[in-house]
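Since we're looking at a predicted model, the values are computed, not measured. Proteins come first, then strands; the chains are lettered A, B, ... in the order of their sequence lines, and each starts at number 1. When reading the values below, keep in mind they use all heavy atoms of this one structure, side chains included, and skip hydrogens, waters and symmetry mates.
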Amino acid sequence: MMKKTRLVALMTTVLCAFGAMLLPAAGTMAEEAASAIEQGKAIAFDRKKGNCLACHMIATGDLPGNIGPPLVAMSMRYPDKAKLRAQIWDSTAANPMSTMPPFGTHRILSEDEIDLVTEFIYVQ
Amino acid sequence: MKMLITILLGAALVAGLAWASPEDDRKAFIEHYQKRFPKVALDDYVNGVYAIDEAAYEQWLEIEEFAPYELAMAEGKELFETPFANGKTYADCFPNGGIGIRQDYPYFDTESGQVKTLELEINECREKNGEKPYGYKKGPIAAISAYMAFTSRGNKLNIVIPDDPRALAAYESGKEFYYSKRGQLNFSCADCHVYNPGMMVRADKLSPALGHPTHFPVYRSKWDDMGTLHRRFDGCNKQVRAKPLPAQGEDYRNLEYFVTYMSNGMEVNGPGARK
């Protein structure tokens, strides 16, 4: 499993590098955003990281669990990105009994990783 | 403080009352599952996740037909019947020669003030007779326990909480453990097996806690091996990245006391097979 994840991460890196070569004007905002979403997705789907699919249906994710609600129409339901981030950072703030792990307060993901995951979930 | 409130809330939610007696707890436990799975008969909970998963049930019946625990059981019988170096046997250590007694474990031993499990007493028997104790999670201890469970099939779990404040304290400590969130991922046992049975964690369907201990030790395909109940506790604790606790330490023994009491009256059907 680890191997597959690493491979995906590697391929993502290679593809990104390749993309950067094709587009001499690297570093535009759109590209950075796209890359943040891709990185966020890799973290969200990685079983050793976010493993969000354990509990949530997310588009393109295989074998999702269903303990949590499907993550769809997120930007409509969370117009304020900070609120979305806060839910991922510490689910127990809104619901002390939440079964969702508090990714930030329990240091499961770093600040940066949570930023990236938020970018990815926001566009679901 | 927040932790304590969470525990009390959790226990209160299922038990209805924060200061319920064990018997109140057990009744509330059963009601909780019957409400959640109105079509599942009480007797079927001994089949674990297969009681609530029709698709997997058929497959499981096929697996049980070839009884992957058969080998361990035969080995367990042989170990059980082979005398120690001093000529004594396990039969000398247990009531009724160790046959058909699984349903009475774990019990509270008022002499030592501890919860005694079957595996603990298997090792105590060995040491008393000058033999080295076995590891508690797999191997010969699981084999002997499997054989002893087999001789008890059909007997009903009969866990007693004697009128001794230490016994009630042991039960309460097991219950508190069950409802406390732990580990980096912040899960309680109840999060998965009380509040979310029937839900999927990735490709795994979560089983109800009711009936959990009846079929142990278990042959698990994922292990390709037999394991004791404490091996399973260990696995579930590791899943949530909690510090693993020693098998047969006080915490897990009290946990077993609570969990098994909740399944009182259900038939022993060990050893079992699971995915």
Side-chain angles (χ1 to χ4, degrees), chain A residues 1-5 8 41-72 85-114 117 121, chain B residues 1-16 18 32 36-37 49 52-53 55-56 175-176 178-209 222 235-243 275:
Chain A
M1 217 56 242
M2 242 338 247
K3 270 190 200 138
K4 193 171 160 199
T5 323
V8 170
K41 178 176 177 173
I43 296 162
F45 284 14
D46 185 339
R47 282 175 196 246
K48 298 247 146 64
K49 291 281 190 178
N51 198 16
C52 315
L53 288 170
C55 301
H56 295 284
M57 194 277 279
I58 304 175
T60 79
D62 287 337
L63 288 177
N66 59 2
I67 289 180
L71 298 181
V72 291
R85 188 184 192 279
Q87 167 67 26
I88 303 169
W89 178 261
D90 182 10
S91 50
T92 67
N95 171 15
M97 297 273 293
S98 178
T99 31
M100 173 158 156
F103 288 95
T105 47
H106 274 218
R107 305 266 174 273
I108 301 162
L109 297 177
S110 71
E111 295 264 1
D112 290 349
E113 286 171 331
I114 288 182
V117 169
I121 298 297
Chain B
M1 194 55 206
K2 190 169 139 197
M3 178 80 159
L4 185 66
I5 291 171
T6 314
I7 295 165
L8 291 180
L9 264 176
L13 256 179
V14 165
H32 168 77
R36 201 168 168 118
F37 304 107
V49 75
I52 58 167
D53 189 339
K175 176 176 160 187
E176 182 179 319
Y178 209 83
Y179 289 97
S180 304
K181 286 190 172 276
R182 62 174 35 79
Q184 192 186 25
L185 299 186
N186 208 42
F187 278 93
S188 67
C189 313
D191 278 337
C192 287
H193 298 295
V194 177
Y195 305 125
N196 287 299
M199 303 302 271
M200 304 296 287
V201 175
R202 288 269 185 170
D204 284 322
K205 190 170 266 204
L206 292 168
S207 57
K222 193 182 149 199
C236 281
N237 254 332
K238 279 183 193 145
Q239 277 189 79
V240 304
R241 301 186 193 159
K243 196 176 61 184
K275 166 173 103 134

Practice problem: Applying side-chain contact (heavy atoms from CB on, under 4.5 Å), run through B:Arg241 and A:His106 and close with a yes or a no. | Solution: CA-CA 11 Å; B:Arg241 301 186 193 159; A:His106 274 218; over 6 Å; no
Quiz item: Passes side-chain contact (heavy atoms from CB on, under 4.5 Å), B:Leu185 versus A:Asn51? Steps please.
Solution: CA-CA 11 Å; B:Leu185 299 186; A:Asn51 198 16; over 6 Å; no
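Minimum interatomic distance between B:Met200 and A:Asn66 (heavy atoms only, all atoms of both residues): N-OD1, 2.7 Å. Counting all heavy atoms, side chain and backbone alike, A:Met97 lies closest to B:Tyr195 at CE-OH, 3.9 Å.
Options A:Ser91, A:Gly61, A:Cys55, A:Pro102 differ in how many heavy-atom pairs under 4.5 Å they form with chain B, and the most are formed by A:Pro102.
Distance check: A:Ile67 CD1 to B:Asp191 CG gives 8.5 Å after rounding to the nearest 0.5 Å.
For a residue to count as touching a neighbouring chain, one of its non-hydrogen atoms must lie under 4.5 Å from one of that chain's; by this rule A:Ser98 touches chain B with the backbone only.
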